[in-house]
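Computed from a predicted structure; not experimentally measured.
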Amino acid sequence: MSKTFHITTFGCQMNEHDSEVMAGMLLEKGFEPVKERRDADVAIINTCSVRENADKRFFGTLGQLKRRKKENPDFVVCVCGCMMQQQHVIDTIKAKYPWVDIIFGTHNIHQFPELVDNALNEKKKQIEVWSDGGDIVEGLPAKRLFDCKALVNIMFGCNNFCTYCIVPYTRGRERSRQPEEIIKEVKSLVEDGVKEIMLLGQNVNSYRGDEQTDFARLLYRLNEIEGLERIRFMTSHPKDLSDRLIQAFVDCNKLCKNIHLPVQSGSSRVLKKMNRRYTKEQYLELVAKLKAAVPGITMSTDIIVGFPGETEEDFEETLDLVRKVRFDSAFTFLYSIRKGTPAEKYEDQVPEEVKHERFNRLVDLINAISAEKNGEYAGRVERVLVEGASKTNSKTFSGRTDGFKLVNFEGTKDMVGNLVDVEIIEGKTFSLDGRIVK
């Protein structure tokens, strides 16, 4: 009888794709996925270091597995991902969660099947964490979440060292895949029915595959692939957003007119403390260039509230930037100390109640702008890639516009994976409602 597995994923799209790869490797070994963790022979938790609530949820989830392990000593518990690149986390797991069987990090995901085999056959704890990446391992299988769209890593790691961020320490230095390997993967995905790809990297703008191929050039080459309908990417660092990349939005018909451009703060003083290497004015200039070159481009961002030393005046600068840019959506975070980052040692930490009050004001402003912008879609016809049926209503389907707007509409199963025209009836704060154009 086949062994079963369940993967819990915390964090970003990079982690999501790592989980897809782990699922692909286990499927190749004859394992079967199950929907509930309690039904699995092997439970995998893929962790995130960036967000504090992901840290807390991880340890809470891990605690829940103790009884299951006690009841069934053959049950295998595996933890991996960014948190495992921090020695203090591994020490905590060894001391407080001794029932964990496998620990590995972000750099040696290709070893996962071997570690599972060893844990099952030898009944011994497997700990294998590499401090850096080494050569990129190509050709790993992946079990995609969607048949019609795929995540494609183009690079790994980060060289930016923003003072609040743990990623350079957990994902290592920047390493780019060869362009031919990326193109080969995307062609293979298209043959398998994929219509949309999302290119992933901690900072895709830094991609340098070879002497001829920077990120903009890669986009032009991918745009030529027959059968591919849409190209997206994330995340972009504003300091590296080149004029060539902006021109790619104009020239590449498959490149979606949407960009995620994290600003983090609207205060140039705070941005300097964050080591972001651009000012508020430079960010606004970039936005103006993008909007001039690509009318109607949709924009999302990341914003941190309550970075050490942030004053009310600094926060007002953030609100001012949000009003000027008018983001379609934003991921907003309360600053939380990440162990091992320079900002951990900053003494001017903002009181929690001040952070929360500012956070609420920011979210209210962003949501009001989102609702207003989405309201403008009423009456338009949008091309939507249908992703699937609603979990609560089998007649309601959803998909994304070119500009990454989520659209809900009545449809049929045969639409899934296809591009359809949808007339927008109503714009809401977080989504659009529409009806299929016959």
Side-chain angles (χ1 to χ4, degrees), residues 13 148-155 174 176-191 194-263 278 282-301 325-329 373 377 380-385 399-405 418-419 421:
Q13 276 98 338
C148 60
K149 58 181 195 171
L151 302 170
V152 177
N153 276 350
I154 64 166
M155 61 179 299
E174 287 175 0
S176 295
R177 293 177 65 195
Q178 288 296 308
E180 301 309 329
E181 290 291 345
I182 297 166
I183 288 160
K184 186 169 117 187
E185 180 181 346
V186 173
K187 282 181 175 176
S188 170
L189 288 166
V190 170
E191 283 172 17
V194 166
K195 291 186 167 67
E196 175 183 303
I197 55 166
M198 170 76 83
L199 305 176
L200 297 180
Q202 255 72 42
N203 174 18
V204 288
N205 305 355
S206 295
Y207 173 82
R208 177 64 69 174
D210 55 33
E211 284 181 19
Q212 286 79 41
T213 316
D214 61 2
F215 183 50
R217 176 72 189 127
L218 178 68
L219 290 172
Y220 280 94
R221 291 185 67 183
L222 290 170
N223 195 65
E224 293 166 6
I225 294 176
E226 274 186 45
L228 183 62
E229 304 255 7
R230 286 179 171 181
I231 303 167
R232 302 188 188 276
F233 62 82
M234 71 185 310
T235 292
S236 261
H237 195 300
K239 75 175 176 62
D240 300 316
L241 186 65
S242 66
D243 288 345
R244 271 172 54 77
L245 180 51
I246 293 172
Q247 188 59 38
F249 278 106
V250 179
D251 297 338
C252 298
N253 63 313
K254 295 174 184 179
L255 183 57
C256 291
K257 308 304 183 264
N258 164 257
I259 188 166
H260 184 70
L261 194 63
V263 67
Y278 54 84
Q282 286 169 328
Y283 185 90
L284 289 171
E285 279 173 27
L286 267 183
V287 170
K289 268 188 188 179
L290 277 162
K291 288 184 174 180
V294 194
I297 191 169
T298 55
M299 296 188 68
S300 56
T301 196
V325 176
R326 290 177 59 77
F327 295 104
D328 291 83
S329 63
K373 293 193 82 170
Y377 278 74
R380 291 193 205 175
V381 173
E382 291 284 328
R383 198 95 171 120
V384 172
L385 180 60
R400 299 269 177 184
T401 68
D402 182 288
F404 208 61
K405 300 280 184 183
N418 292 311
L419 286 153
D421 289 328

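In this structure a side-chain-to-backbone donor-acceptor pair under 3.5 Å is present from N203 to H237. Side-chain atoms of T213 do not come within 3.5 Å of backbone N or O of L218 as any donor-acceptor pair. When atom types are taken as modelled, the side chain of Y283 and the backbone of P262 share no donor-acceptor pair closer than 3.5 angstrom. Not a single donor-acceptor pair under 3.5 Å links the side chain of E196 to the backbone N or O of K149.
Two residues are said to be in side-chain contact when any heavy atoms from C-beta on lie closer than 4.5 Å; C252 and I231 fail this criterion. Under the 4.5 Å side-chain criterion, counting only non-hydrogen atoms from C-beta, R217 is not in contact with Q212. A heavy-atom distance below 4.5 Å is found between the side chains of R221 and E180. With a 4.5 Å cut-off on side-chain heavy atoms, L200 and V152 do not count as touching. Side-chain atoms of L219 and L245, non-hydrogen and from C-beta on, do get closer than 4.5 Å to each other. Between R230 and R232, the closest side-chain pair of non-hydrogen atoms falls below 4.5 Å. Between L261 and M299 there is a side-chain heavy-atom pair separated by less than 4.5 Å. Residues D214 and R244 meet the side-chain proximity criterion, which asks for heavy atoms closer than 4.5 Å.
When the ring-ring contact (aromatic ring centres under 6.0 Å, His included) test is applied to F215, the partners found at least two apart in sequence or on another chain are F233. Residues passing the ring-ring contact (aromatic ring centres under 6.0 Å, His included) test with Y377: none are found, sequence neighbours excluded.
To the nearest 0.5 Å, atom CD1 of residue I182 and atom CG of residue L199 are 7.5 Å apart. Taken from CD in E285 to CG in L290, the straight-line distance is 12.5 Å, to the nearest 0.5 Å. The CG atom of L151 sits 10.5 Å away from the CD1 atom of I197 when rounded to the nearest 0.5 Å. The OG atom of S242 lies 9.0 Å from the NZ atom of K289; values are rounded to the nearest 0.5 Å. Separating the CD atom in Q282 from the CG atom in L284 is a distance of 10.5 Å, to the nearest 0.5 Å. Taking CE of M234 as the start and CD of Q202 as the end, the distance is 11.0 Å to the nearest 0.5 Å.
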Let's go through M155 and E174 carefully: what are the C-alpha distance in whole Å and the side-chain angles of both, what is the deciding distance for side-chain contact (heavy atoms from CB on, under 4.5 Å) to 0.1 Å, and is it a yes or a no? CA-CA 7 Å; M155 61 179 299; E174 287 175 0; 3.8 Å; yes
Apply side-chain contact (heavy atoms from CB on, under 4.5 Å) to residues K373 and R326 and explain how you reach the verdict. CA-CA 8 Å; K373 293 193 82 170; R326 290 177 59 77; 3.8 Å; yes
Evaluate the criterion side-chain contact (heavy atoms from CB on, under 4.5 Å) for residue pair Q13 and T235; output intermediate values, then yes/no. CA-CA 10 Å; Q13 276 98 338; T235 292; over 6 Å; no
Stepwise side-chain contact (heavy atoms from CB on, under 4.5 Å) check, E226 with V190: CA-CA 8 Å; E226 274 186 45; V190 170; over 6 Å; no
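Across E181 and R177, no two heavy atoms sit closer than the pair O-NH2, 3.5 Å. In terms of heavy-atom proximity, G403 sits nearest to T298 at O-OG1, 2.8 Å. Heavy atoms only, all atoms of each residue included: S206 and S176 are closest at O-OG, 4.5 Å. In plain terms, the two heavy atoms of L228 and K195 that are nearest each other are CD1-O, 3.6 Å. Shortest non-hydrogen contact noted between Y278 and V263 is OH-O, 2.8 Å. Here the closest heavy-atom approach between residue S236 and residue I259 is recorded as OG-CD1, 4.3 Å.
Listed by first and then second residue, the side-chain hydrogen bond (donor to acceptor under 3.5 Å, both in side chains) pairs involving residues 246-257 are Y220-D251, N223-N253, Q247-D251 (not counting sequence neighbours).
Judged purely by distance below 3.5 Å, without hydrogens or angles, the side chains of D328 and S300 never pair a donor atom with an acceptor atom. Side-chain atoms of D402 and N258 include no donor-acceptor pair closer than 3.5 Å.
Within 6.0 Å of the NZ atom in K291, the count of heavy atoms belonging to other residues, nucleotides or ligands exceeds 12.
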